[in-house]
Amino acid sequence: MNLIGELNRELYTRLGFEVSTSDVIITDERIAHIEARHPSDYARFCSYIPEMIAHPDYVIAANKPNTAVILKEITDGKERFKLILRFRMTDDPEGYLNSIISFWCIGTTTWEKTLRNKKILYKRE
């Protein structure tokens with residue numbers, strides 16, 4: 001288990017997530033998952049994750065409970081990213097933490113399709 005950053009608890013609480021902690025972790029198993037499905041994305045771009053979870057451009061409703069899709073454009077590299085984050089809710093069993101489920105670099109088509117077809121919970125102004 002690796003502490004990777006802190007989320008903006010106030011923002012996610014406003015969106016209806018009863019987040020009980022601001023710390024976000026990623027497990028070695030999830031890193032292996034990301035590396036297997038999106039080769040080199042984690043190694044090249046993991047330094048962007050703290051910025052993504054603290055200051056997302058978009059928060060999108062996910063298909064699973066207590067989970068959100070986070071979109072972030074990093075302007076210095078002109079890259080766009082998608083991150084799946086599972087929140088630790090106040091009624092979760094002891095030991096649950098805010099956890100990154102997956103993370104990858106996406107293209108313009110996927111970015112636009114996600115914004116067009118999914119429910120946007122938050123858009124950075």
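The chain is numbered in sequence order, starting from 1.
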Does some side-chain heavy atom of Val59 sit less than 4.5 Å from a side-chain heavy atom of Leu15? yes
Does the side chain of Thr108 reach to within under 4.5 Å of the side chain of Arg80, using non-hydrogen atoms? yes
If you count every heavy atom of other residues, nucleotides or ligands that lies below 6.0 Å from Tyr96 atom OH, does the total exceed 12? no
Side-chain heavy atoms under 4.5 angstrom apart, residues restricted to Ile, Leu, Val, Met, Phe, Trp, Tyr: same cluster for Tyr48 and Leu3? no
Between Ile100 and Arg30, the two heavy atoms sitting closest are O-CG, 3.4 Å
So does Asn117 have more than 12 non-hydrogen atoms from other groups sitting under 6.0 Å from CG? yes
Other residues, nucleotides, ligands: >12 heavy atoms within 6.0 Å of Glu10 CD: no
Spell out, as yes or no, whether a donor-acceptor pair under 3.5 Å connects the side chain of Thr110 to the backbone of Ile106. no
Looking at CG of Asp57 and CE of Met52, how far apart are the two atoms once the value is rounded to the nearest 0.5 Å? 8.5 Å
Hydrophobic cluster membership, with links at side-chain heavy-atom distances under 4.5 Å among I/L/V/M/F/W/Y: are Tyr58 and Ile49 in one? no
Assess whether ring pair (Phe, Tyr, Trp, His ring centres under 6.0 Å) is satisfied between Phe103 and Phe81, documenting all intermediate values. CA-CA 7 Å; Phe103 162 78; Phe81 299 94; 5.6 Å; yes
Identified side chain to side chain contact (heavy atoms under 4.5 Å, CB included) partner of Asn2 from the options Ile26, Val24, Ile25: Ile26
Rounded distance [0.5 Å steps], CD1 in Ile101 versus CG in Leu85: 8.0 Å
Using 0.5 Å steps for rounding, measure from the CD atom of Glu35 to the OG atom of Ser40. 9.5 Å
Derivation and outcome, side chain to side chain contact (heavy atoms under 4.5 Å, CB included), residues Asp23 and Asn98: CA-CA 7 Å; Asp23 290 341; Asn98 298 318; 5.5 Å; no
Option from Ser22, Ser20, Ser99 for which side-chain hydrogen bond (donor to acceptor under 3.5 Å, both in side chains) with Arg88 holds: Ser20
May I ask you to decide if Pro65's main-chain N or O and Thr67's side chain share a donor-acceptor pair within less than 3.5 Å? yes
Straight-line distance of Lys72 NZ to His55 NE2, nearest 0.5 Å: 7.5 Å
Can the ring centroids of Phe87 and Tyr12 be said to lie less than 6.0 angstrom from one another? yes
Of Thr21, Val19, Ile70, which meets side chain to side chain contact (heavy atoms under 4.5 Å, CB included) against Leu7? Val19
Above 12 or not: heavy atoms from other molecules or residues under 6.0 Å from CD of Glu51? yes
Enter the distance from Glu79:CD to Ile74:CD1 here, rounded to the nearest 0.5 Å. 9.5 Å
Whether Lys82 and Asp41 form a salt bridge (side-chain N of Lys/Arg under 4.0 Å from carboxylate O of Asp/Glu) is what I want to check. no
Looking at Met1, I want to see if its CE is surrounded by more than 12 non-hydrogen atoms of other residues, nucleotides or ligands under 6.0 Å. no
Can you confirm whether Leu83 sits close enough to Ile53 that some side-chain heavy atom of one is under 4.5 Å from a side-chain heavy atom of the other? yes
Measure the CG-CZ distance between Leu11 and Arg124 for me, rounded to the nearest 0.5 Å. 12.0 Å
Test side chain to side chain contact (heavy atoms under 4.5 Å, CB included) applied to Lys119 and Leu121, step by step: CA-CA 6 Å; Lys119 181 179 179 186; Leu121 302 175; 4.0 Å; yes
Grab the two heavy atoms, one from Met89 and one from Glu18, that are nearest each other, plus how far apart they are. CE-N, 3.0 Å
What are the two closest heavy atoms between Ser102 and His33, and how far apart are they? OG-NE2, 3.4 Å
